[in-house]
Each structure stands twice: as structure tokens, then as C-alpha cells.
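Data block below; observations after.
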Amino acid sequence: MTEDEVADFVREQRTATVATYGARGAVHLVAMWYAVLDGDRADAGPTLWIETKATSQKVVNLRRDDRMSVLVEAGDTYDQLRGVAMEGRGVVVDDPAVVWRVCVDVFERYQGPYSEEVRPLVEEMARKRVAVRLEVERTRSWDHRKLGLPPMEVAGSTAPPPADD
């Protein structure tokens, strides 16, 4: 994918798989909702952020070893697979103003527009939380739609059952 396609893809998707390293070296994987904020760094495009409990395992891991990877993917059939894998450093940010900004973006991405009416929900969301910024060092992407494969049906044991007529 081009840089613009990567940025659009990450903005359009809903779930990321976040990886950090545990104390014994095992990879700790979690599915996360995320924020995409512009203007965080002059030399980069949009930045991926997560908000999480300050005591979460991923934060404990990042405070010990800041290596972090994030995978955002889509596609139910081989001809539709696409994804973006980003490797870098997870920067834990305790600043309440930054945590608030990330929480509002996450709220808007998954719930709807922010307003003062929903402020108590976002305040609860931000309580005892930190924000984590992914400082990307390497990005890899793929888009099987560009391979020119014939369309495939969703099939196999994980396919939804056919609708009754």
C-alpha cells in the first residue's frame, strides 16, 4: 500500500492487535480499540494511540521494555486480505490532557460524536488511564485485492451458515 493507503486503512478499521513483551520474553497480545490523531509529530503522518488502564499488563510491559507492534487487518477471503503491521516503541503518556484527547477520539471512533452530554462517560473512560503512542520505526502492508485474484466465497467451518429461504 502507499503511505496514503496505509493512513486511510488504519483510520477506517476498528480493531488493532497490540503486542508487547512480557517479563519472560513471551509476546503479550491484546485486541484494542484505538485512536488516530494527526499533528503529533511534524515528520510523520497520523499517529496511532491506545488508552488503557495505568496498571494494565501492556503498560507494565512497556515500562520495562518499550518495544511494541500493532497489526490492523481486514478481509474474510484470501482475495480480500489486507493489513498494516507497525513496529516501534510504545510511549506511555500520563498527561491528563493527552489521555483526554485520546479518550475523546476513541469515543468518537466507536460511539459517535462527543458532546457535553456524554462527558461523564468519557470522564469515566479516562479515569485511572494512560495513553500509549506508537512511535513507528517500520511499517509493512499488504493488499491482496491488488493481486487480481477471482472473487472468492466465504467458506469453510468458520463461514456463516446459509440463510434459510
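Atom set for the values below is all heavy atoms of this structure, side chains included, hydrogens, waters and symmetry mates excluded.
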Any chain of hydrophobic side-chain contacts (each under 4.5 Å) joining [X] to [Y]?
X	Y	value
Y110	V104	yes
V92	V60	no
V18	L71	no
V93	V102	yes

Hey, what do you get for [atom1] ([X]) to [atom2] ([Y]), rounding to the nearest 0.5 Å?
X	Y	atom1	atom2	value
L81	M152	CG	CE	9.0 Å
D76	T158	CG	OG1	8.5 Å
S69	R140	OG	CZ	7.5 Å

I need the minimum non-hydrogen distance between [X] and [Y], along with the two atoms involved.
X	Y	result
C103	M125	O-CE, 3.2 Å
V99	A131	CG2-N, 3.7 Å
V130	A54	CG1-CB, 3.7 Å
V72	Q13	CG1-CB, 3.4 Å
G83	F9	CA-CE2, 3.8 Å
V118	P113	CG2-O, 4.4 Å

Quiz prompt | Expected output: side-chain S141 to main-chain M1 donor-acceptor under 3.5 Å | solution =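 Indeed, once roles are kept as given, a pair shorter than 3.5 Å links the two residues.
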Practice problem: Report yes or no: does R127 contribute a side-chain atom to a donor-acceptor pair with the main-chain N or O of E123 at less than 3.5 Å? | Solution: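 No.
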Could you tell me whether the side chain of [Y] reaches within less than 4.5 Å of the side chain of [X], counting heavy atoms only?
X	Y	result
Q111	W33	yes
D79	H144	no
M86	L134	yes
V70	T17	no
V6	T139	yes
K146	E5	yes
M32	T15	no
I50	K58	yes

Quiz item: Could you go step by step and tell me if V59 and K53 meet the side-chain contact (heavy atoms from CB on, under 4.5 Å) rule?
Solution: CA-CA 8 Å; V59 171; K53 290 183 179 177; over 6 Å; no
Quiz prompt | Distance under 6.0 Å and angle within 45° of ring axis: R109 vs Y34 | solution =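 Positive - R109 is close enough to the ring of Y34 and near enough to its axis.
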Quiz item: N61 and Q57: side-chain donor and acceptor closer than 3.5 Å?
Solution: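 Note: N61 and Q57 side chains meet the donor-acceptor criterion.
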Quiz item: Do the side-chain N and O atoms of D4 and T2 include a donor-acceptor pair separated by under 3.5 angstrom?
Solution: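 Side-chain D/A pair, D4 to T2: absent.
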Quiz item: Quick check: are there more than 12 heavy atoms from other residues, nucleotides or ligands sitting under 6.0 Å from CG of D8?
Solution: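 Yes - once you tally the heavy atoms of other residues, nucleotides and ligands closer than 6.0 Å, there are more than 12.
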Practice problem: I would like to know whether L48 and V10 meet side-chain contact (heavy atoms from CB on, under 4.5 Å); could you show each step before the answer? | Solution: CA-CA 8 Å; L48 188 139; V10 170; 4.0 Å; yes
With a 4.0 Å cut-off on N to O distance, would you call [X] and [Y] a salt bridge?
X	Y	result
R82	E73	no
R133	E135	yes
R67	E87	no

Practice problem: Evaluate salt bridge (Lys or Arg N to Asp or Glu O under 4.0 Å) for R129 paired with D95, printing each intermediate quantity in order. | Solution: CA-CA 10 Å; R129 300 280 176 146; D95 179 343; over 6 Å; no
Quiz prompt | For W49, the option from V132, V98, D105, V106 that meets side-chain contact (heavy atoms from CB on, under 4.5 Å) | solution =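 Only one option passes, and that is V98.
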Quiz item: Y21 and H28: aromatic ring centres closer than 6.0 Å?
Solution: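 Between Y21 and H28, the centre distance exceeds or equals 6.0 Å.
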